[in-house]
Amino acid sequence: MSPTHSPLRGVVVAFAAYAVFAFSDASIKILHGAIPSYQVAFIGSIFGLVVLPVIKAQDDSWLDIVQTSNRILWALRFVCGAIGAIASIIAFTKLPMAEAFSLLFLLPSFVTILSVIFLKEDVRWQRWMAVVVGFIGVLIVLRPGFRELSAGHLAAAIGGLSAAISIVILRAMGPAEKRISLYGAGLVGTLIVSGLLMLSDIAVPTPREWLFMASYGILGAIGNVLLMTAARFAPANLVAPPQYSQMIWAIVFGYLIFDDTIDLPMAAGIVLIICSGLLTLARERKRGTPLPAAVVSVDNQAPVSATAELAQASFDGVGHPAE
């Protein structure tokens, strides 16, 4: 078996990537909002720059980061990258990790709805049932009218929707668009938007806060590299499902570090949301539909995860054709 086609190895690497992303998200929560979200997003995107040499193919130029075949869609990914980065940081700051993930895991449902509206995709009743199950799960988790909803819940929903828009744009642009351009749109967007926002309120981090911001950014970059590696070893329909292992990490971190609790209704809602996502992935695999990208943190890492499904049809980071 060739080194570029090893499904088992790809799945193992995918699990490792999502574990690293979970540790990155925990670093955000440990900050407890001491640093403004847009400042954390800016610093995270700075560390995201280290992934560029891995994404850049031999025939790419550095100017390809900002060049595109469709400027309008590229600009929309630019905006969604910034919004998703800041929104996800707010969500992980204000919500228990498991609750934040449960809302972010609505990404496949959002992708289904947006694909029907904008790409005129033919969606059968099975995928609509998966969407309905997912939203029922969210209602059970949130229990509107029975518990107070916060800005964190809204931020998580906005983060998931922003990532879904980015993925639909990816499908619309097609595999001809260079990966470095797709990644550059989200990265440059986060750098510029969060950089401008932080000018009005720059916090001076303590050494401990620098440590966890560096952990957030560096682990996010490592997770991206691992996820792209997994996509070279295995098809996207095998790389995507391990994303739900992040919920296990979220529950463990919540219990051991953040004193989070999960009651029975919330656990039931989380199970429904995960089942909804897995059903969507299973249906799209059966029909040969391009899969929605794996949920990472829906932040500066999201553009890379969104390109994972293109890895089989493009070049890897050192310019070798993927098989």
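All figures in this text were calculated on a predicted structure; none of them were measured in a lab. Reckoned from all heavy atoms, side chains included, excluding hydrogens, waters and symmetry mates.
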Assess Arg71 against Trp74: is NZ or CZ under 6.0 Å from the centre of the six-membered ring, and within 45 degrees of the ring's axis?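 Checked: cation-pi criterion met.
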
How far does [atom1] of [X] sit from [atom2] of [Y], to the nearest 0.5 angstrom?
| X | Y | atom1 | atom2 | result |
| --- | --- | --- | --- | --- |
| Asp64 | Ile55 | CG | CD1 | 12.5 Å |
| Gln243 | Phe105 | CD | CZ | 5.5 Å |
| Met173 | Leu73 | CE | CG | 5.5 Å |

Verify the cluster assignment for Leu106 and Ile136: are they in a single hydrophobic cluster under the rule of side-chain heavy atoms below 4.5 Å apart?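 Per the 4.5 Å side-chain linkage, Leu106 and Ile136 are not co-clustered.
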
Could you tell me which residues satisfy ring pair (Phe, Tyr, Trp, His ring centres under 6.0 Å) with Phe212, sequence neighbours excluded, listed by chain and number?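 Result, ring pair (Phe, Tyr, Trp, His ring centres under 6.0 Å) vs Phe212: none returned.
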
Among Ile83, Ile89, Ile90, exactly one meets side-chain contact (heavy atoms from CB on, under 4.5 Å) together with Ile86. Which residue is that?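 Among the candidates, only Ile90 passes.
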
Asp25, Ile270, Ile251, Ile274 screened by side-chain contact (heavy atoms from CB on, under 4.5 Å) with Phe101, the one that passes: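 Single side-chain contact (heavy atoms from CB on, under 4.5 Å) partner of Phe101 among Asp25, Ile270, Ile251, Ile274: Asp25.
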
CZ/Phe135: more than 12 non-hydrogen atoms of other groups inside 6.0 Å: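 For Phe135, atom CZ is crowded (more than 12 foreign heavy atoms under 6.0 Å).
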
Using the test side-chain contact (heavy atoms from CB on, under 4.5 Å), find all partners of Ser69 that sit at least two apart in sequence or belong to another chain.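 Here the qualifying residues are Glu177.
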
So do the side chains of Val11 and Phe233 get within less than 4.5 Å of each other, counting heavy atoms only?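 A side-chain contact is absent here, since even the closest heavy-atom pair is not under 4.5 Å.
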
Side-chain contact test, heavy atoms from C-beta onward, threshold under 4.5 Å: evaluate it for Leu149 versus Leu142 and give yes or no.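 Contact flag for Leu149/Leu142 side chains = yes.
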
Check residues 30-42 and write down every donor-acceptor pair under 3.5 Å in which the side-chain atom is one partner and the other belongs to a residue at least two apart or another chain.
| residue | atom | partner | partner atom | Å |
| --- | --- | --- | --- | --- |
| His32 | ND1 | Lys29 | O | 3.4 |
| Gln39 | OE1 | Ala203 | N | 2.9 |
| Gln39 | NE2 | Ala203 | O | 2.9 |

